[in-house]
Amino acid sequence: MKEKGTFEMIYDVVMEIPKGYVASYGQIAELAGNRRWARVVGYALHANPKPGVIPCHRVVTKDGKVSRAFAFGGENRQVELLKEEGVVFCEDRVDMKKCQWSKRRF
DNA sequence: GCCGTGACTTACG
DNA sequence: GCGTAAGCCACGG
């Protein structure tokens with residue numbers, strides 16, 4: 001059964017993030033199959049071969065903060081966009097308590 | 001085929 | 001509680 005490429009698995013997980021929710025790199029990596037892919041996830045999203053299809057803006061650090069290197073038009077722009085999605089923000093951070101897609105703890 | 005880099009995470013001091 | 005260090009995998013040159 002098709003072993004999808006590592007990136008593909010990561011993209012698949014990212015695309016599964018429901019609107020109004022966000023996920024952390026480590027979480028995605030874990031859902032993708034290996035939690036050590038945290039860095040690969042960052043790399044995969046950086047590659048972002050399918051902009052508009054992969055909601056990379058829904059991917060944040062485990063602090064609920066958007067990574068500094070996002071800057072694909074403005075880091076703050078990222079936050080604003082997520083707010084429009086319905087994500088609850090606390091200053092410049094995502095309210096992981098409510099909007100982390102996760103099931104990671106709790 | 002090896003080395004370096006990277007949008008991270010976790011652990012230890 | 002904060003800062004520093006190490007670990008991990010994949011891609012590009």
Side-chain angles (χ1 to χ4, degrees):
Chain A
M1 222 29 205
K2 27 256 119 181
E3 285 271 356
K4 287 157 83 169
T6 310
F7 272 41
E8 292 295 308
M9 292 171 72
I10 294 168
Y11 298 141
D12 186 57
V13 176
V14 176
M15 287 192 284
E16 287 183 69
I17 301 173
K19 188 167 94 135
Y21 285 88
V22 296
S24 62
Y25 290 93
Q27 225 237 266
I28 292 166
E30 190 173 74
L31 292 170
N34 292 312
R35 104 186 191 198
R36 306 180 187 112
W37 290 352
R39 303 186 78 155
V40 185
V41 171
Y43 208 96
L45 294 176
H46 175 64
N48 194 12
K50 293 175 169 183
V53 183
I54 302 170
C56 14
H57 55 266
R58 286 185 195 151
V59 187
V60 296
T61 65
K62 75 187 203 69
D63 291 315
K65 183 79 181 299
V66 293
S67 299
R68 27 194 200 108
F70 255 100
F72 62 93
E75 299 173 60
N76 195 3
R77 169 71 178 165
Q78 171 61 266
V79 179
E80 291 289 299
L81 190 63
L82 286 168
K83 283 181 180 176
E84 295 298 297
E85 296 282 298
V87 178
V88 181
F89 268 78
C90 184
E91 294 301 314
D92 286 34
R93 290 195 184 187
V94 179
D95 189 334
M96 300 300 267
K97 202 107 166 199
K98 298 177 179 178
C99 292
Q100 186 177 34
W101 175 39
S102 22
K103 288 168 152 230
R104 199 180 183 189
R105 266 134 195 188
F106 294 107

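As a basis for the values below, the full set of heavy atoms in this structure was taken, side chains included, without hydrogen atoms, waters or symmetry mates. First the proteins, then the strands, lettered A, B, ... as listed; each starts at 1. Note that the structure is a prediction, hence the values are computed from the model and not measured.
Residue pairs meeting the salt bridge (Lys or Arg N to Asp or Glu O under 4.0 Å) criterion with at least one member in residues 15-27 of chain A: none, sequence neighbours excluded. The ring pair (Phe, Tyr, Trp, His ring centres under 6.0 Å) contacts involving residues 12-53 of chain A comprise nothing, where partners must be two or more places apart or lie in separate chains.
Heavy atoms of other residues, nucleotides or ligands lying less than 6.0 angstrom from NZ of A/Lys98 number 12 at most.
In terms of the side chain to side chain contact (heavy atoms under 4.5 Å, CB included) criterion, residue partners of A/Lys50 (sequence neighbours excluded) are, by chain and number, A/Val53, A/Ile54. Looking at residues two or more places apart in sequence or on another chain, you find no side chain to side chain contact (heavy atoms under 4.5 Å, CB included) involving A/Arg36.
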How would you summarise protein contacts on nucleotides 5-11 of chain C per nucleotide, using B for base, S for sugar-phosphate only and - for none, with heavy-atom distances below 4.0 Å? --BBBSB

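Straight-line distance from the CG atom of A/Leu45 to the P atom of B/dA7: 11 Å, rounded to whole Å. As rounded to whole Å, 13 Å separates atom C1' of B/dT9 from atom CD1 of A/Ile28. One interatomic measurement links the two molecules: CD of A/Gln100 to P of B/dT9, which rounds to 10 Å at whole-angstrom precision.
The heavy-atom pair separating A/Val79 from A/Asp92 by the smallest distance is CG2-O, 4.5 Å.
Dashed line: the shortest gap from a side-chain N or O of A/Lys62 to OP1 or OP2 of B/dC8 is not under 4.0 Å.
Proximity of residues 10-18 of chain A to DNA chain C (heavy atom under 4.0 angstrom from any strand atom) is not detected for any residue.
By the rule that hydrophobic residues join a cluster once side-chain heavy atoms approach within less than 4.5 Å of another member, A/Val22 and A/Val88 end up as members of separate clusters.
In summary, A/Glu80 and A/Arg77 do not engage in a salt bridge, as defined by a charged side-chain N under 4.0 Å from a carboxylate O.
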